[in-house]
Amino acid sequence: LSIQKKTDLFCEGMANSGVMQVILIYLMASGFQGAAATMGGKESVVNLALTYIPVQFLTPGIFLVCCLISTAIGTSMGTIAAMGPVALSVAQGADLNTAIVAAAVIGGSYFGDKMSPLSDTTVLASSVSGTPIFKHIRYMMYTTVPSITISLLIYLVLGIWYDGEA
């Protein structure tokens, strides 16, 4: 049997197939996120990126790093948990506006959660609608790419013009 058929049979045997598939998606996504955290993958990417980003590009850099991490691990909450404390500490040390940096962390994290094939919400949305996951992601790009471009430009302008005063 195919993996899809085996999963369907497994979920039907547990009760409501649709609900059980949602639960399995959340369990698998959480397991992957836990494995990535245990290996130190998130911290390594965070430290590497923050080490080489100049101060005036720190906010857009944090935004891009959050986009990368959340796309790679498929969870916005995991990215916020990993990047939030580090990014806010760096923002305070660099005398940046912490609200803008927090917005960059959250916005970048939501991007990856929306666009990652590992994201539980992306997998759930494509399976409920009956759309193949990569087709769903391709359609989501029509709204997400303009949003990320505009956000990145705003963070870039704010990062260059910001002089350290709140």
Side-chain angles (χ1 to χ4, degrees), residues 22 25-126 128-129 131 133-166:
V22 170
I25 289 167
Y26 280 111
L27 287 173
M28 289 181 198
S30 297
F32 181 78
Q33 189 262 341
T38 302
M39 293 185 308
K42 291 187 286 188
E43 291 82 6
S44 298
V45 172
V46 168
N47 291 332
L48 179 69
L50 293 180
T51 300
Y52 294 106
I53 298 172
V55 174
Q56 66 269 25
F57 300 120
L58 193 57
T59 304
I62 287 172
F63 179 73
L64 287 176
V65 168
C66 288
C67 289
L68 171 73
I69 292 172
S70 62
T71 303
I73 65 174
T75 173
S76 59
M77 293 298 134
T79 304
I80 292 168
M83 278 296 292
V86 175
L88 292 178
S89 296
V90 170
Q92 289 171 344
D95 198 28
L96 296 173
N97 187 324
T98 55
I100 293 172
V101 173
V105 170
I106 293 168
S109 299
Y110 285 165
F111 165 80
D113 189 45
K114 186 174 185 172
M115 298 303 291
S116 176
L118 301 174
S119 171
D120 53 355
T121 53
T122 303
V123 171
L124 182 62
S126 66
V128 167
S129 67
T131 307
I133 191 163
F134 290 105
K135 188 174 186 179
H136 172 76
I137 291 171
R138 188 172 58 242
Y139 288 140
M140 296 308 294
M141 289 178 116
Y142 294 126
T143 58
T144 307
V145 170
S147 306
I148 191 175
T149 305
I150 292 167
S151 297
L152 188 59
L153 288 172
I154 290 170
Y155 291 131
L156 185 63
V157 168
L158 290 174
I160 290 172
W161 286 348
Y162 184 69
D163 62 358
E165 295 180 21

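What you see below is based on every heavy atom in this structure, not just the backbone, and it leaves out hydrogens, waters and symmetry mates.
At distances below 3.5 Å, not a single donor-acceptor pair connects side-chain atoms of T122 with backbone N or O atoms of I133. S70 places a side-chain N or O within donor-acceptor distance of the main-chain N or O of S109, the cut-off being under 3.5 Å. Within the 3.5 Å criterion, the main-chain N or O of A103 finds a donor-acceptor partner in the side chain of Y155.
Here the side chains of T59 and L96 are in contact, with some heavy-atom distance below 4.5 Å. Within the 4.5 Å cutoff, the side chain of P117 has heavy atoms near those of the F134 side chain.
Within the model, atoms CD1 of I137 and NZ of K114 stand 11.5 Å from one another, a figure rounded to the nearest 0.5 Å. We find the CE-NZ distance between M140 and K135 to be 15.0 Å, quoted to the nearest 0.5 Å. M77 contributes atom CE, which lies 8.0 Å from atom CD1 of I106 (distance to the nearest 0.5 angstrom). The CG atom of L58 sits 12.0 Å away from atom CD1 of I100, with the distance rounded to the nearest 0.5 Å. To the nearest 0.5 Å, atom CG of residue L124 and atom OG of residue S129 are 9.5 Å apart. The distance from the CZ atom of F57 to the CG atom of L64 is 11.5 Å, given to the nearest 0.5 Å.
Results of the side chain to side chain contact (heavy atoms under 4.5 Å, CB included) test with F63 over V105, L156, I154, I148 single out I148 as the only residue that passes.
Closest non-hydrogen pair, S116 versus G74, comes out as OG-CA, 3.4 Å. Residues M141 and P146 come closest through the heavy atom pair O-CD, 3.7 Å. Pairing each heavy atom of H136 with each of T131, the nearest pair is N-CG2, 3.8 Å. Residue I62 comes nearest to A87 through the heavy atom pair CD1-CB, 3.8 Å, listed as atom of the first residue, atom of the second, then distance.
Side-chain N/O atoms of S119 and D113 include a donor and acceptor closer than 3.5 Å.
Residues satisfying the ring-ring contact (aromatic ring centres under 6.0 Å, His included) test with F111, not counting sequence neighbours, are none.
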